[in-house]
**Student:** 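Starting off with a structure, shown below.
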There are 2 protein chains.
Amino acid sequence: MITRDELSRVGLRLLADHGLADVSMRRVAKEFDVAVSALYWHVKDKQSLLGAMVDQLLTDLNVAPPTDNWRADLIGRAELLYAKLLDTRDAAELTASVLALGTGGTRMREVIDEVSPNTVTTDAIMSLLIGHATLNQQRMQAQALGIDVAPTTTTTFRQALDLLIGD
Amino acid sequence: MITRDELSRVGLRLLADHGLADVSMRRVAKEFDVAVSALYWHVKDKQSLLGAMVDQLLTDLNVAPPTDNWRADLIGRAELLYAKLLDTRDAAELTASVLALGTGGTRMREVIDEVSPNTVTTDAIMSLLIGHATLNQQRMQAQALGIDVAPTTTTTFRQALDLLIGD
DNA sequence: ACCTGAACACCGTTCAAGT
DNA sequence: ACCTGAACACCGTTCAAGT
């Protein structure tokens, strides 16, 4: 039997193993051994499945409680989220699309907002997060595959963060 | 007769009028009244057509020459690029994909780099640019259609820029 | 050099019909 | 309540064949 939860879990597995292009309704249906049309009883459309996948992705996120140093908190959380976008294949592209269309991923903003001094900073970090992840998609793919080119991507992101938050 | 230039021009018109989803090889071919396969003589694949489109988009860009105030230059150019991403439908999504896959849009980085004090700042602004544009896709669509909600998007971007560049 | 036609292997979504 | 089968209207890419 199919639950909404199992659905997004299978979607995430497909994403990790074969990339976003292979997360199709037909492919997911095949994984469950049901007809494609069966999925539409559990989920409105493909976009809402993608939304559920992002929500799932951000669920098991080990967020530390706020301390009295918001700068450190902010950097820590931003790096945590960035790492999450890094370590799953095509997670950046997926999250960008879901956030853009507003079909999920609200937790991402909440995690930042909780330790952010103001809305402008939250916005800037969100933009930096998805922009940087998107632009470094290729290098990230290599990084995720193990074979790699020093932690350039992570370092660059950290530097951009410092520039933004100042001291 | 079909030139690579005409190809991307038609692609951009399709983009502006119907959105990225409607920029398909088959749709472009129909516009030229040729078979789909004909396009593959002029262009390697779809991704390279999209790359050509972004290059075209960034060609007619009225970039002011550098002054002795790099902060002002940087802000001016970033806002110019942001406006460009704003005023064509789905231009943000298109540019993001093209930059991510490295199939075009190199001029964008050059425009920033020419007045940027260092690579870190260039990277950060590029990320901010495409991240902010992507995240505000919906609001941007409304903004492009005339009907709208104050210049919120532009203001927010400007604030993020200020935060990044400091004073 | 440039284009056609046909094929291949896919898509997302809907909807009557079944149990 | 949950699923099937079939259809609709699409995709990108390749490739032999034509002019």
**Student:** Can you check whether B/Gly11's main-chain N or O pairs, donor with acceptor, with B/Ser8's side chain at less than 3.5 Å?
**Tutor:** no

**Student:** Any sub-3.5 Å donor-acceptor pair from B/Thr122's side-chain atoms to B/Asn118's backbone N or O?
**Tutor:** yes

**Student:** In this structure, which one of B/Leu163, B/Asp123, B/Leu164 forms a side-chain contact (heavy atoms from CB on, under 4.5 Å) with B/Leu128?
**Tutor:** B/Leu164

**Student:** Among residues two or more places apart or on two chains, list those pairs meeting side-chain hydrogen bond (donor to acceptor under 3.5 Å, both in side chains) that have a residue in residues 16-30 of chain A.
**Tutor:** A/Arg27-A/Glu31

**Student:** Taking all non-hydrogen atoms of both residues, which atom of A/Ala133 and which atom of A/Ala92 are closest, and how far apart?
**Tutor:** CB-CB, 3.6 Å

**Student:** Is the side chain of A/Asn136 donor-acceptor paired with the backbone N or O of A/His132 at a distance under 3.5 Å, no angle test?
**Tutor:** yes

**Student:** Could you provide the dot-bracket string of DNA chain C, using ( ) for intrastrand pairs, [ ] for crossing pairs and | for bases paired to another strand, with Watson-Crick or G-U pairs below 3.5 Å?
**Tutor:** ||.|||||...|||||.||

**Student:** Hey, where on DNA chain D does chain B first and last touch, going 5' to 3'? Cut-off is any atom under 4.0 Å from a heavy atom.
**Tutor:** D/dC11 to D/dC15

**Student:** Considering only the C1' atoms, how many Å lie between C/dA1 and D/dA17, rounded to the nearest integer?
**Tutor:** 15 Å

**Student:** Can you check the distance between D/dC10 and C/dA9, where both ends of the measurement are the P atom (answer in whole Å)?
**Tutor:** 23 Å

**Student:** Hey, what do you get for CH2 (B/Trp70) to CD (B/Glu114), rounding to the nearest 0.5 Å?
**Tutor:** 15.0 Å

**Student:** Where the side chain of B/Lys44 meets the backbone of B/Leu49, is there a donor-acceptor pair that is under 3.5 Å apart?
**Tutor:** no

**Student:** Could you identify which residues of residues 4-12 of chain B place a heavy atom less than 4.0 Å from some atom of DNA chain D, listed by residue number, or say none?
**Tutor:** none

**Student:** Under 4.0 Å from any atom of DNA chain C, heavy atoms only: list the residues of residues 23-48 of chain A that qualify, in numerical order.
**Tutor:** A/Ser24, A/Met25, A/Arg26, A/Val36, A/Ser37, A/Tyr40, A/Asp45, A/Lys46

**Student:** Output yes when B/Arg77 and B/Asp73 qualify as a salt bridge under the 4.0 Å nitrogen-oxygen rule, no when they do not.
**Tutor:** no

**Student:** Enumerate the salt bridge (Lys or Arg N to Asp or Glu O under 4.0 Å) contacts for residues 61-72 of chain B, please, sequence neighbours excluded, ordered by first and then second residue.
**Tutor:** none

**Student:** With side chains defined as the heavy atoms from C-beta onward, is the minimum distance between A/Val54 and A/Thr103 less than 4.5 Å?
**Tutor:** no

**Student:** Can you name the closest pair of heavy atoms from A/Leu81 and A/Val111 and give their distance?
**Tutor:** CD1-CG1, 4.2 Å

**Student:** Can you tell me if A/Asp90 uses its side chain to pair, donor with acceptor, with the backbone of A/Glu93 under 3.5 Å?
**Tutor:** no

